[in-house]
Amino acid sequence: MDVPVASGECVGDGIIVYPETVSGNPLGARRVVRWLLNRPGFFGVDARIGADDEIFFYQETFAQGIEGISPSRLLQVRWLRDDIYRDLGRERSGSCRMIRKGTATAAQIPTPDDAIPQDGKSHS
């Protein structure tokens, strides 16, 4: 996705979105949104969340243990590649698998694994 980075003059009037891995408000924005994409502290960063930060979460479990976050703060943005992944109604047999971000958990795949690995291939 081609997402431009905001220029410095946008920070003053903008709303800055930080993940849980950024501590404090390094850009000095007046309005801060914290979007929890994992549990705070999971990646070893003890991020300071400001008292005035608006907090949203990608999964409800990421907000567990944080006071005052409403379940209505679920925020998910997804890009579904229906230009590539679509059901063409063809007969299917067998199985395949692709591990991208989860390579650290690859050892959990049961053996023998008769799925055809698709690792390292492009989406198309």
Side-chain angles (χ1 to χ4, degrees):
M1 298 176 120
D2 184 20
V3 180
V5 176
S7 62
E9 53 269 4
C10 293
V11 172
D13 291 329
I15 299 170
I16 303 301
V17 180
Y18 295 118
E20 76 290 344
T21 56
V22 174
S23 189
N25 180 6
L27 294 177
R30 288 184 303 178
R31 293 179 295 259
V32 171
V33 168
R34 189 74 54 173
W35 190 17
L36 306 180
L37 301 173
N38 212 310
R39 286 179 172 262
F42 179 81
F43 291 107
V45 177
D46 186 19
R48 292 183 325 277
I49 297 175
D52 294 330
D53 291 3
E54 291 287 335
I55 301 175
F56 294 86
F57 50 86
Y58 186 79
Q59 290 182 6
E60 197 169 328
T61 188
F62 298 163
Q64 286 179 345
I66 301 175
E67 294 290 322
I69 299 179
S70 167
S72 67
R73 292 303 181 112
L74 175 70
L75 175 61
Q76 295 180 332
V77 178
R78 296 183 179 160
W79 178 34
L80 302 176
R81 297 291 313 263
D82 60 358
D83 59 321
I84 296 173
Y85 301 107
R86 59 189 177 277
D87 186 353
L88 300 176
R90 297 180 182 153
E91 188 174 325
R92 298 172 184 236
S93 64
S95 61
C96 65
R97 64 165 164 75
M98 181 181 299
I99 301 173
R100 296 227 183 231
K101 291 172 67 177
T103 55
T105 61
Q108 297 175 11
I109 297 171
T111 54
D113 176 20
D114 61 351
I116 302 167
Q118 301 294 309
D119 307 322
K121 295 184 178 182
S122 72
H123 285 282
S124 57

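Along the sequence shown, the residues carry numbers beginning at 1.
- Under the side chain to side chain contact (heavy atoms under 4.5 Å, CB included) criterion, Ser124 pairs with Ile84, Ser122, not counting sequence neighbours.
- Heavy-atom minimum distance, Trp35 versus Val17: CB-CG1, 4.0 Å.
- Rounding to the nearest 0.5 Å places CZ of Arg34 at 5.5 Å from CD1 of Ile49.
- Side chains of Asp52 and Val32 form no contact here, defined as non-hydrogen atoms less than 4.5 Å apart.
- Note on Leu27: it does not cluster hydrophobically with Val33, by side-chain heavy-atom contacts below 4.5 Å among ILVMFWY residues.
- The CG atom of Leu36 sits 10.5 Å away from the CZ atom of Phe56 when rounded to the nearest 0.5 Å.
- The hydrophobic cluster containing Val77 also contains Ile15, counting ILVMFWY residues as joined when their side-chain heavy atoms lie under 4.5 angstrom apart, directly or transitively.
- With sequence neighbours excluded, the residues that form a side chain to side chain contact (heavy atoms under 4.5 Å, CB included) with Pro26 are Tyr18, Val22.
- Listed by first and then second residue, the salt bridge (Lys or Arg N to Asp or Glu O under 4.0 Å) pairs involving residues 56-78 are Glu54-Arg73 (not counting sequence neighbours).
- Scanning all heavy atoms of the two residues, the minimum distance from Ala29 to Ile16 falls at CB-CG1, 3.2 Å.
- With sequence neighbours excluded, the residues that form a side chain to side chain contact (heavy atoms under 4.5 Å, CB included) with Arg39 are Phe42, Thr61, Phe62, Gln64.
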Review item, side-chain donor-acceptor pairs of residues 86-98, under 3.5 Å, at least two apart:
{"residue": "Arg86", "atom": "NH1", "partner": "Asp83", "partner atom": "O", "Å": "2.3"}
{"residue": "Asp87", "atom": "OD1", "partner": "Gly89", "partner atom": "N", "Å": "2.8"}
{"residue": "Arg97", "atom": "NE", "partner": "Asp113", "partner atom": "OD2", "Å": "2.6"}
{"residue": "Arg97", "atom": "NH1", "partner": "Asp119", "partner atom": "OD2", "Å": "3.1"}
{"residue": "Arg97", "atom": "NH2", "partner": "Asp113", "partner atom": "OD2", "Å": "3.2"}

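- Residues passing the side-chain hydrogen bond (donor to acceptor under 3.5 Å, both in side chains) test with Thr21, sequence neighbours excluded: none.
- Salt-bridge formation is detected for the pair Arg30/Asp13: a Lys NZ or Arg NE/NH1/NH2 atom is positioned less than 4.0 Å from an Asp or Glu carboxylate oxygen.
- Two residues are said to be in side-chain contact when any heavy atoms from C-beta on lie closer than 4.5 Å; Leu75 and Phe57 fail this criterion.
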